[in-house]
Amino acid sequence: MTVVTRFAPSPTGYLHIGGARTALFNWLYARHHGGSYRLRVEDTDRKRSTEDAVEKIISGLDWLGLQDDGEPVFQSQNFDRHVAVAEQLLAEGKAYHCYCSPEELTEMREAARAEGRTRLYDRRWRDRDPADASADVAPSVRVKMPVEGETVIADLIQGEVRVDNDNLDDFIILRPDGTPTYMLAVVIDDHDMGVTHIIRGDDHLNNAFRQYHVFETLGWQVPEFAHMSLIHGSDGAKLSKRHGALGVEAYHDMGILPAAMRNYLLRLGWSHGDDEIISTEQAIEWFDLSAVGRAPARFDMDKLTNLNGHYIRESNDGDLVALILPIVAELLGAPVDEAAKTRLLAGIGGLKERAKNLNELAETALFYCRERPLPLTEKATKLLDGEARDNLTALAGILADIGSWDKEALEAGVREFAEAKDLKLGQIAQPLRAALTGSTVSPGIFEVMVALDRAETLARIRTSKA
RNA sequence: GUCCCCUUCGUCUAGUGGCCUAGGACAACGGCCUCUCACGCCGUAAACACGGGUUCGAGUCCCGUAGGGGACGCCA
């Protein structure tokens, strides 16, 4: 049996972090087993679904690098099929018309709750003659759930979960207006798509019991279930828009790398011994549902940030430059010219050691791209006092004649100069840094000089005196 | 309220009856490195929710309590 998994978001908003993790786990599980991973948009609720949300979700998944196999399925397109199945159920006596008005149902629900019952619908139309109905109520269609016994689900993550069947409502599968509900549609679509493993959030665990019986009553093979616990905010509550759950594009905007996000999400609830840094290839090889934890996890930005720094350091220089170029141009308010790009590429290695996200990387890269004279920070200005300027002028003379323009030679030259002046290296290096970068913080000053090259270095020393 | 699920350092977690005087990672703190800032390295502090069992032995198994979460829609 080939594994088929699916991620089935409803397009009512952006792709948040919890959905992203669900998608990741589904993707990983399918990849691990050489199966396929599908995307299904659950847009049965036409009122709340939007085109924009669909687009956001797909671009979010795209950014994360979770490509689905085959075309996405839109649940609403299977409308006729859903209705046909409901009618079949009706014909077979496995479903029935319910003539309750919304008011009646609310009343019933309140009464049930007051009496401490879990099942909120009392099955009053299950065996009643439709002739009893008042003509002005359009009926909905409900499926029959078993009345006795218990339902047991062997959940791949939660283990054996059981519930008394008496707690299961005969729920609505067709609204009075004839449209199918989610509970019916999921089952049909999962079956039609050949989904073998339903991996989704814990908030669906209760639905699984109901869906189980729909599969059964239809005579279809019930897929495996795996319910993963939800991601909580730092306050311990389910992550929601109100609880600061951000769309994945927000993390893109924060300069987070998809690889870092994948690694972070993977370790939230899943583990492989003490391993922390796990490449996607390695994750595919190792991923297993049995290693998924049952307890909810809290989202921790610090750890994501740390991981992101790691992946930035590991990134290829050219890729990083390409990623930050647009950001740099925006900060600059002008496109980056070729000379600046060359300097940037030469200097990015030193920069990436220090960055936690792409935005920070772009900001620290600015000095390579700016035109002379460089703006100076307040601290940098202070460093460049009269004495420091005199020293730099003298140093420039030496630098102009230095043999080969590499780190070692430059360091040797500057150290020699400092010693001759009876100064510590820092007393020369700091003003030099101020002149070359406009700041007191930068990568090693000798690598900066190499990235800048001789002409630009000397020019910056000269113009910093202005 | 009812049903379902969960409970190891602040956070993510390792741990599947003896290897645990509980390990790793992030964060915190201290130090080293050093031309600044990072990186890196070394170190410190920090947890088995509680109570009963079972067992020669329990973080690990069972029961209960407490706490937390999720679900209770003609939403998905």
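Naming: A, B, ... by sequence-line order, numbering from 1 per chain. Since the structure is predicted, the reported quantities are computational estimates derived from the model, not experimental observations.
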Ring-ring centroid check A:F299 A:Y264, cutoff 6.0 Å: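 Yes, the ring of A:F299 comes within the 6.0 Å limit of the ring of A:Y264, centre to centre.
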Select one nucleotide: of [options], the one nearest the side-chain heavy atoms of [X].
X: A:Q158; options: B:rG73, B:rC6, B:rU11; value: B:rC6
X: A:N206; options: B:rA71, B:rC5, B:rA25; value: B:rA71
X: A:Q75; options: B:rA76, B:rG69, B:rA71; value: B:rA76
X: A:L120; options: B:rA14, B:rC72, B:rA25; value: B:rC72

Atom CD of A:E387: over 12 foreign heavy atoms under 6.0 Å: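 No.
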Heavy atoms from other residues, nucleotides or ligands near CD of A:E115 exceed 12 (cutoff 6.0 Å): yes
B:rA76 base / A:N207 side chain donor-acceptor hit below 3.5 Å: yes
Counting only Watson-Crick or G-U wobble pairs whose two distances fall under 3.5 Å, which nucleotide matches [N]?
N: B:rC39; result: none
N: B:rU55; result: none
N: B:rA25; result: B:rU11
N: B:rG73; result: none
N: B:rU60; result: none
N: B:rU34; result: none

Contact nearer the 5' end of RNA chain B, comparing A:D300 with A:V161: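 Comparing both residues, the 5'-ward one is A:V161.
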A:E160 or A:L230, whichever maps to the more 5' nucleotide of RNA chain B: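 The 5'-side residue here is A:E160.
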Whole-Å gap separating C1' (B:rA25) and CG (A:L307):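 The answer, rounded to whole Å, is 10 Å.
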Atom-pair distance (CG on A:L15; P on B:rA76), nearest Å: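 One finds 19 Å between P of B:rA76 and CG of A:L15, rounded.
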Which pairs would a plain distance check flag for residues 413-425 of chain A, meaning a side-chain donor or acceptor within less than 3.5 Å of a matching protein atom at least two apart in sequence or in another chain?
residue : atom : partner : partner atom : Å
A:R415  : NE   : A:E411  : OE2          : 2.9
A:R415  : NH2  : A:E411  : OE2          : 2.9

Identified side-chain contact (heavy atoms from CB on, under 4.5 Å) counterpart of A:N357 within the set A:N308, A:L257, A:L304: A:N308
Output a table of nitrogen or oxygen pairs between the protein and nucleotides 36-46 of chain B separated by less than 3.5 Å.
residue : atom : partner : partner atom : Å
B:rU36  : O4'  : A:Q430  : OE1          : 3.2
B:rU36  : O2'  : A:T440  : O            : 3.2
B:rU36  : N1   : A:R433  : NH1          : 3.3
B:rU36  : O2   : A:S442  : N            : 2.8
B:rU36  : O2   : A:S442  : O            : 3.1
B:rU36  : N3   : A:R433  : NH2          : 3.1
B:rU36  : N3   : A:S442  : O            : 2.5
B:rU36  : O4   : A:R433  : NH2          : 3.4
B:rU36  : O4   : A:G444  : N            : 3.2
B:rC37  : O2   : A:R354  : NE           : 2.6
B:rC37  : N3   : A:R354  : NE           : 3.1
B:rC37  : N3   : A:R354  : NH2          : 3.0
B:rA38  : O2'  : A:E353  : O            : 3.3

Ring-face cation of A:R124 near A:Y121 (centre distance under 6.0 Å, axis angle within 45°): no
B:rC74 OP1/OP2 closer than 4.0 Å to side-chain N/O of A:T181: no
Between B:rC41 and B:rC33 - C1' atom distance, rounded Å: 8 Å
